[in-house]
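Some notes on the structure that comes next.
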Amino acid sequence: MRTVSVDLHTHTVHSDGTTTPSQNAALAAAAGLSGLALTDHDTTAGWDEAAAACARHGLDFVPGIELSAEEGEHSVHLLGYWVDAEDPALLAECERLRDERATRADRILALLEGLGVHVDADAVRAHAAGAPIGRPHIAAAMVDAGIVGDVSAAFDRYLSDDGPAWVPKHALSPDDGVRLIAAAGGAAVIAHPGTAADRTAATTALVARLAGVGLAGVEADHAGHGPATAAYWRGVAVDHDLLVTGASDFHGERKDVRLGASTTPTDVVSALRARAGRAAAPVAAGRGERW
Ligand code: AMP
Ligand code: FE
Ligand code: FE
Ligand code: ZN
């Protein structure tokens, strides 16, 4: 039976997933969903294929993107829905993020080398298969080489934000990320706020701040959140008049979660769409300068 719900956060081979956009659409249809979002990191490259595949399956397609921001040396992920893929500022930021991934991967491999752990750069590139390199690609190469037993162990021991091989991406603030998404006509949602369990207080304060900048929603229902964590973030969303979304954050074989594991009801998707483009203030000029 088809439910009226949408998986609002899925990845493909265009970033660090292992499935194609068409496969995601087929999985969404098989799971009985009514719609599907594509939210690859830093790129909208999968949108056209996903839109066509969703149309074939009678699914509503929600175009999305996942942008990385930095808050005090920790990454914060922002989902942007219905952004204009041609928006110059958004395009520039995506290009910057993708370029930076290449040099960042080299720096991560150098840090690992310094720890006595050799990971072959070509093996990492083979996992990325042309997509911008992310830590999951490095983790996969480490599993292949027998350095760790699985991807989680690679993150736990080396690659996590607190790990010895952590290299921050760059300093787009979450505030500027929300403004960028809104200015590109999109609705911004903070992704998986509860996966950094040790930073609950800081992330709660961040959500309060971003609500004033134009944040539209909180991804409270996420495969990485247990029931109590999901309930907590639902409460935070309600406190700030933000929408509550749910999504699997599907990455194909790279994560042990099935597409459709968490979803968002279509009335919430409609409410989210109504908030798209509702910017609080334009992106400040001179971003990154010191005054
Ligand atoms: P990056 O974009 O290179 O900073 O890598 C971030 C990505 O790594 C996230 O989007 C997830 O796909 C993945 N990731 C982060 N933490 C973990 C973890 N503990 N276990 C498995 N995958 C993770
Ligand atoms: Fe990812
Ligand atoms: Fe994420
Ligand atoms: Zn994601």
Side-chain angles (χ1 to χ4, degrees), residues 6-21 24 27-28 36-47 50 62-71 74-81 83 94 97-98 100-101 104-105 108 124 127-129 131-141 143 150-152 154-155 159-161 166-169 172 174 177-178 181 186 188-197 199 203 206-207 210 215 217-225 229 233 245-264:
V6 181
D7 191 333
L8 275 182
H9 185 163
T10 73
H11 294 268
T12 73
V13 290
H14 291 285
S15 63
D16 55 3
T18 62
T19 51
T20 64
N24 283 22
L27 288 167
L36 171 74
L38 218 66
T39 52
D40 275 310
H41 298 283
D42 321 330
T43 181
T44 62
W47 285 11
V62 178
I65 191 165
E66 184 169 22
L67 290 180
S68 303
E70 291 282 325
E71 169 87 346
H74 291 288
S75 50
V76 172
H77 289 179
L78 296 170
L79 299 161
Y81 298 106
V83 287
C94 288
L97 282 162
R98 291 197 303 264
E100 198 181 6
R101 280 183 180 279
R104 173 172 173 258
I108 292 174
V124 173
H127 271 287
I133 296 174
R135 284 177 284 168
H137 302 125
I138 299 174
V143 174
D150 58 25
V151 165
S152 306
F155 274 89
L159 301 173
S160 73
D161 290 19
W166 165 242
V167 175
K169 263 181 275 197
L172 176 69
V178 167
I181 289 166
V189 170
I190 185 165
H192 44 71
T195 48
R199 295 197 292 279
T203 309
L206 173 66
V207 170
L210 296 181
L215 187 72
V218 177
E219 189 181 59
D221 293 319
H222 180 276
H225 296 171
T229 301
W233 289 103
T245 69
S248 66
D249 201 358
F250 178 70
H251 279 71
E253 287 168 18
R254 257 182 214 118
K255 271 191 190 168
D256 194 16
V257 59
R258 64 178 175 80
L259 195 148
S262 300
T263 56
T264 306

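The chain is numbered in sequence order, starting from 1. In each ligand, atom 1 is the first atom listed, and ligand 1 is the first ligand listed. These numbers come from a predicted model, not from an experiment.
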With respect to the Fe ion (ligand 3), please indicate if [X] possesses an N, O or S atom at a distance under 2.8 Å.
X	answer
H77	yes
H9	no
E66	yes

Minimum heavy-atom distance W233-G194, with the two atoms named: NE1-CA, 3.3 Å
Ring geometry between H251 and H41 (parallel below 30°, tilted from 30 to 60°, perpendicular above 60°): tilted
Metal site the Zn ion (ligand 4): N/O/S of H77 inside 2.8 Å: no
Contact check: H251 to the Zn ion (ligand 4), N/O/S below 2.8 Å: no
Angle subtended at the Zn ion (ligand 4) by H11 NE2 and H9 NE2, rounded to 10 degrees: 100°
Heteroatom of E66 nearest to the Zn ion (ligand 4) (N, O or S, atom name): OE1
Identity of the N, O or S atom of D249 lying closest to the Zn ion (ligand 4): OD1
Flag for S262-D221: side-chain donor and acceptor within less than 3.5 Å: no
Short side-chain donor-acceptor distance under 3.5 Å, N24 and T12: no
Ion pair check, D16 and R254, cut-off under 4.0 Å: no
Short N/O/S contact of H11 with the Fe ion (ligand 2) (below 2.8 Å): no
Derivation of the side chain to side chain contact (heavy atoms under 4.5 Å, CB included) call for R199 and D161: CA-CA 12 Å; R199 295 197 292 279; D161 290 19; 4.1 Å; yes
Vertex the Fe ion (ligand 2), rays to NE2 in H251 and OD1 in D16 - rounded to 10°: 80°
H225 and E219: CA distance, side-chain angles, deciding distance, side chain to side chain donor-acceptor pair (under 3.5 Å) verdict: CA-CA 10 Å; H225 296 171; E219 189 181 59; over 6 Å; no
